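Since the structure is predicted, the reported quantities are computational estimates derived from the model, not experimental observations. When reading the values below, keep in mind they use all heavy atoms of this one structure, side chains included, and skip hydrogens, waters and symmetry mates.
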Amino acid sequence: MSLLCFCALIVVVSLLSMEEKPVSVELSCGAGPVHVVLEPDHPLLLECHLGASEPPLNVTWLRDGAVLSESQTIRPLPNRSLLISPSSTDGHAPAGVEGGYSCLSTSSTGALTSRALTLHLASLSRFLQDPEPQVVPVGGTARFECYVDGLPTPSVTWEKDQAPLPSPTEPLEPSRYISLPNGVLQILGVTKEDKGLYRCVAFNSARKRFSQEASLTVSPGITQRPPIATDVVVLATNLVIPDTRSHHAGVYVCRANKPKTRDFVSSPAELRVLAPPVIFQPPEAVSLSRGNTARFVCNSSGDPPPALRWLKNGEPVQSNARVKTQNPGVLLINQLRLDDAGYYQCIAANSLGTACATAKLSVIVREGLPSPPRHVSAIPHSSTSALLNWDPPEHNSDQIIGFSVHYQCTAGSDNMEYQFAVNNDTTELHVKELLPHTAYTFYVVAYSPMGASRPSQPVTVETLEDVPSASPQLSLLSTSPTDIRAMWLPLSSQLSRGAITRYRIDYRALEQVDHIYSVEVGGNETQVTLRDLKPNQTYQLRIVAGTRAGFSQSSEWASHHTPNLTQVLFAPTELKVRAKMHSLHVTWQPPPNHTQITGYKLSWRELDGEELPNEEKPMINERIQQIKLRKRVKHHEVTGLAPDQLYEVKVWAFNKQTEGYPAVWKGRTEKLTRDSLPPLPPISIRARANSSTSIWLRWEKPHFSNVRIINYTIRCSPAGLRNASLISYYTSSSQEIFLESLKPFTSYEIAVQSKGVDMSGPFSSTVEESTLPDRPSSPPLDMQLSVLDSYSVLVSWRPPLEPNGVILTYWILYTGNMSHPDHLWINLTHDGSVTSAEAQGLMSGTRYYFKMGACTEVGVGPYSPVKDVYTPPKKYGVYLDIHAVTGIIVGVCLGLLCILLCMCVSFRNGKTRYAPV
């Protein structure tokens with residue numbers, strides 16, 4: 001029979017006496033409230049109803065995961081509910097009553113746990129923000145604001161001169177007093193009668209508080225509208241959504257227009273409607289025979305997306321070879337056993353609450369099933385195969401229709417279980433395609449038409465060794481001109497295919513390739529130094545690894561040139577690294593010729609142990625992080641590392657001519673233990689630019705933190721920065737921080753780290769946010785003035801060093817009178833993509849003064865220093881101005897036209913005089 005998960009919340013909001021019915025909240029596996037407030041003189045009754053198909057044998061109440069003990073305030077009732085009563089003396093409960101409450105119901109089938117309900121005491125803080133005095137002209141808008149925090153959410157009203165605000169005189173007249181839910185009071189169309197003292201009144205079931213009074217002074221005059229700008233605030237218009245729903249989510253834009261113009265500004269705001277988890281596809285109860293596979297499916301929705309986890313009988317499900325979770329919402333249980341029966345719960349949780357669904361798993365054992373196979377044995381056949389034998393079951397062996405063989409790796413992270421089906425007349429199986437030198441665990445199950453038997457007793461066998469499938473990768477360096485240090489990493493178990501017993505290093509001089517020398521070291525060694533070599537000589541080296549089965553193939557030859565005796569920076573000495581779980585503390589001493597160096601470089605990278613052994617990797621790639629350090633620095637802390645991970649650290653000296661040889665360390669960070677688990681990083685990190693020099697950063701606590709978080713460390717640096725000395729760190733005890741003193745119009749990478757009592761967790765993934773643009777903080781550079789002629793000047797420049805945004809235009813101001821104010825200077829505006837322009841129409845023989853500024857979308861920045869230029873006087877003997885040339889052309893044209901007219905008239909008169917009569 002399936003479980004019915006339900007929840008009912010009954011909240012009685014009335015003034016009840018202690019003898020009357022308390023406020024009742026029902027805890028179940030379904031959706032419901034996650035927070036409840038214990039109000040004075042109002043007892044709270046928690047009822048545990050988990051919808052099990054059979055009555056519970058026992059109900060246990062928990063607070064913050066620990067079993068509750070009875071007290072005067074907290075009393076379990078005979079009907080298995082829990083009564084929490086405020087103190088009878090003052091009506092308030094003690095502070096220790098707060099916490100997360102849940103119940104655990106146990107029956108003969110299994111156990112069920114409810115969702116957690118967080119109990120808070122009613123409270124009302126002092127005013128965190130009091131209203132401030134206002135001076136407003138007649139007809140303007142006054143705005144007062146207050147802020148107070150409390151549980152339940154306090155109601156906020158306003159008073160004028162310690163009396164309620166006046167109401168409109170006419171019934172249909174809209175009120176000029178607008179009180180917003182966030183504690184803002186707006187007074188529209190201010191009149192002289194509005195003058196007075198205003199205060200904010202906040203109250204809830206805990207108490208009532210009054211803010212400080214703030215005066216409103218009404219000044220004479222007409223309200224002046226401020227110019228349209230990016231910081232304009234439209235006070236007379238508000239958008240309020242009293243009851244938000246998911247369909248309200250989206251981007252809202254407020255647009256302000258300047259009257260009688262086309263000028264406007266707009267400001268967008270995104271509304272995200274968060275939603276608690278809802279399980280829209282709960283798991284279904286199933287009854288299956290032993291040996292079958294159970295599959296539970298649980299799908300949920302919510303914003304933020306909820307995290308899913310599975311419980312069995314109130315305890316977290318432990319994944320193993322048989323029990324696996326797929327795509328968090330699917331739970332698979334293979335080869336069902338009797339102890340798999342019980343209640344399975346799917347828990348979906350996000351920051352707004354939890355949802356729960358329950359399914360019952362029944363495992364059926366029929367009569368007449370065969371007993372498990374007997375005498376199972378396995379022997380290694382080769383490095384990749386094993387031979388498995390068994391005997392038929394002792395009981396009901398005549399009804400067997402087949403066997404299934406199951407095996408998996410005994411140790412390691414690969415817990416995948418494999419299986420083969422064989423006929424009923426087969427009692428052995430040659431299992432192939434195994435890994436060399438690997439332990440496997442086998443068991444056999446018999447099947448009849450009635451169902452499956454119990455699994456046989458498991459047996460473990462280890463495959464034989466093989467020669468390594470690859471050779472290690474060599475790293476070569478010289479600590480002196482006459483030696484070469486060869487280093488390598490141990491091969492992984494997949495590549496070694498057995499216990500490495502020895503390594504052989506072959507080397508030869510490039511000038512004598514036929515003379516090969518060899519050195520052998522033990523299988524535990526990871527480096528060897530070849531000495532007494534020739535300086536300034538090229539050598540080739542290769543390595544092979546060997547097990548008891550033999551040697552692997554040799555690696556490719558790797559070349560290395562020993563340094564010159566006179567031109568070398570030796571490696572730093574005494575390189576020491578102290579490994580922690582998430583950091584490496586690196587120290588070193590200067591090389592012998594330290595007077596020749598100007599600084600150090602330090603790099604580190606994560607090694608996965610499975611890199612191709614025959615590829616020579618470059619010094620720096622996308623996985624290597626590198627920093628520069630000053631000459632006097634001899635230590636550095638590498639942070640943000642993963643626990644139990646292999647790392648390589650290199651430190652080397654450099655100067656202006658060359659880089660020295662590195663000192664190299666390879667090792668692992670400390671393992672993660674149950675007693676030293678670091679806090680998880682914060683989630684839902686959100687960054688929003690507040691101004692050109694500040695960013696608001698907010699985040700949420702991790703959902704399943706295993707330690708108490710004391711505070712948070714915030715790492716902030718310009719995007720793409722590689723200089724470690726410019727990274728800034730901040731500390732916050734709350735879940736937000738206001739980052740100030742940033743550079744305008746700059747993209748920043750920000751990450752947050754949780755800090756426990758004595759340890760720090762890893763940093764979260766980075767978020768990127770850019771500060772807003774601002775006016776340029778420096779003028780255009782190198783303004784040059786070049787005279788083209790008596791009437792024009794060429795102005796050229798370079799962009800400002802600190803533009804603080806995209807340069808839209810350049811303003812070129814010039815005048816013939818240095819004492820004029822800026823608004824009387826002539827302003828030439830040019831596009832921000834050009835770096836030169838002509839000033840035309842000037843007067844000859846005049847001294848002009850020029851200055852210029854760059855302009856972003858916010859405004860114009862500072863002007864450059866004033867420079868002057870003198871336009872030469874015009875030369876009449878050589879040059880004619882445009883007006884003289886025009887006059888001459890017009891005069892000549894008029895003269896020619898008059899001559900043409902005279903000729904036409906004379907010709908016509910001549911023809912008339914000599915005409916025949």
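In the model, E637 has a side-chain atom that pairs as donor or acceptor with a side-chain atom of S583 under 3.5 Å. Checking Q345 against T113 by side-chain atom types alone, no donor-acceptor pair falls below 3.5 Å.
Proximity of a side-chain donor or acceptor of D149 to a complementary backbone N or O of S125 within less than 3.5 Å is not detected. Using a distance-only test at 3.5 Å, with no hydrogens or angles considered, a donor-acceptor pair links the side chain of H582 to the main chain of L641. Proximity of a side-chain donor or acceptor of S211 to a complementary backbone N or O of D130 within less than 3.5 Å is not detected. For S684 (side chain) and W699 (main-chain N/O), no donor-acceptor pair under 3.5 Å exists by modelled atom type. At distances below 3.5 Å, at least one donor-acceptor pair connects side-chain atoms of Q753 with backbone N or O atoms of G761. For the pair N350 (side chain) and P305 (backbone), a donor-acceptor distance under 3.5 Å is absent. Of the possible polar contacts, one joining the S764 side chain to the V752 backbone as a donor-acceptor pair under 3.5 Å is found.
Among all heavy-atom pairs drawn from T713 and F763, the shortest one is O-CE2, 3.7 Å. Considering every non-hydrogen atom in both L121 and V37, the closest pair reads C-CG1, 4.1 Å. The two residues S81 and L45 come nearest to each other via the heavy atoms OG-CD1, 3.6 Å. Contact record, V767 with A687: CG2-CB, 4.2 Å, taken as the closest heavy-atom pair. The minimum heavy-atom distance between Y730 and C716, with the atom names listed, is CE1-CB, 4.0 Å. Of all heavy-atom pairs spanning A111 and L104, the tightest one is CB-CD1, 4.3 Å.
Within 6.0 Å of CD on E284 lie no more than 12 heavy atoms contributed by other residues, nucleotides or ligands. In R686, the CZ atom is crowded: over 12 heavy atoms of neighbouring residues, nucleotides or ligands sit closer than 6.0 Å. The environment of E736 atom CD is dense: over 12 non-hydrogen atoms of other residues, nucleotides or ligands sit within 6.0 angstrom.
Separation of atoms CD1 (I333) and OG1 (T293) is listed at 9.5 Å; rounding is to 0.5 Å. With values rounded to the nearest 0.5 angstrom, C346 atom SG is found 9.5 Å from L331 atom CG. Residue S85 holds its OG atom at 9.5 Å from CD1 of I74, rounded to the nearest 0.5 Å. For the atom pair Y343 OH and T358 OG1, the distance stands at 9.0 Å (nearest 0.5 Å). Between S123 atom OG and L151 atom CG the span is 5.0 Å, to the nearest 0.5 Å. S105 OG to L112 CG: the interatomic distance, rounded to the nearest 0.5 Å, is 6.0 Å.
Side chains of L697 and E769 form no contact here, defined as non-hydrogen atoms less than 4.5 Å apart. Counting only heavy atoms from C-beta outward, the side chains of S754 and P682 approach each other to under 4.5 Å. For the pair C146/V156, a side-chain contact is recorded, criterion being any heavy-atom separation below 4.5 Å from C-beta on. Considering only heavy atoms from C-beta on, W604 stays 4.5 Å or farther from L584 through its side chain. For the pair L119/E98, no side-chain contact is recorded, criterion being any heavy-atom separation below 4.5 Å from C-beta on. Residues V201 and K208 are in side-chain contact: their nearest non-hydrogen atoms beyond the backbone lie under 4.5 Å apart. When side chains are defined from C-beta on, I737 does not count as touching Y712, because their heavy atoms never get closer than 4.5 Å. Between E39 and P152 there is a side-chain heavy-atom pair separated by less than 4.5 Å.
A side-chain hydrogen bond (donor to acceptor under 3.5 Å, both in side chains) with D340 is found for exactly one of K312, R322, R290, namely R322.
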Original post:
Could you walk me through whether R115 and S28 pass the side chain to side chain contact (heavy atoms under 4.5 Å, CB included) check?
Top reply: CA-CA 6 Å; R115 70 178 187 278; S28 71; 3.6 Å; yes
**OP:** With side chain to side chain contact (heavy atoms under 4.5 Å, CB included) as the test, would you mind laying out the steps for W310 and T325 before giving the verdict?
**Re:** CA-CA 9 Å; W310 290 91; T325 56; 4.1 Å; yes
Subject >> Candidate pair W61 and V59, rule side chain to side chain contact (heavy atoms under 4.5 Å, CB included), full reasoning >> reply: CA-CA 7 Å; W61 287 96; V59 172; 4.0 Å; yes
Original post:
Taking it one step at a time, do T106 and T60 satisfy side chain to side chain contact (heavy atoms under 4.5 Å, CB included)?
Top reply: CA-CA 8 Å; T106 306; T60 304; 5.5 Å; no
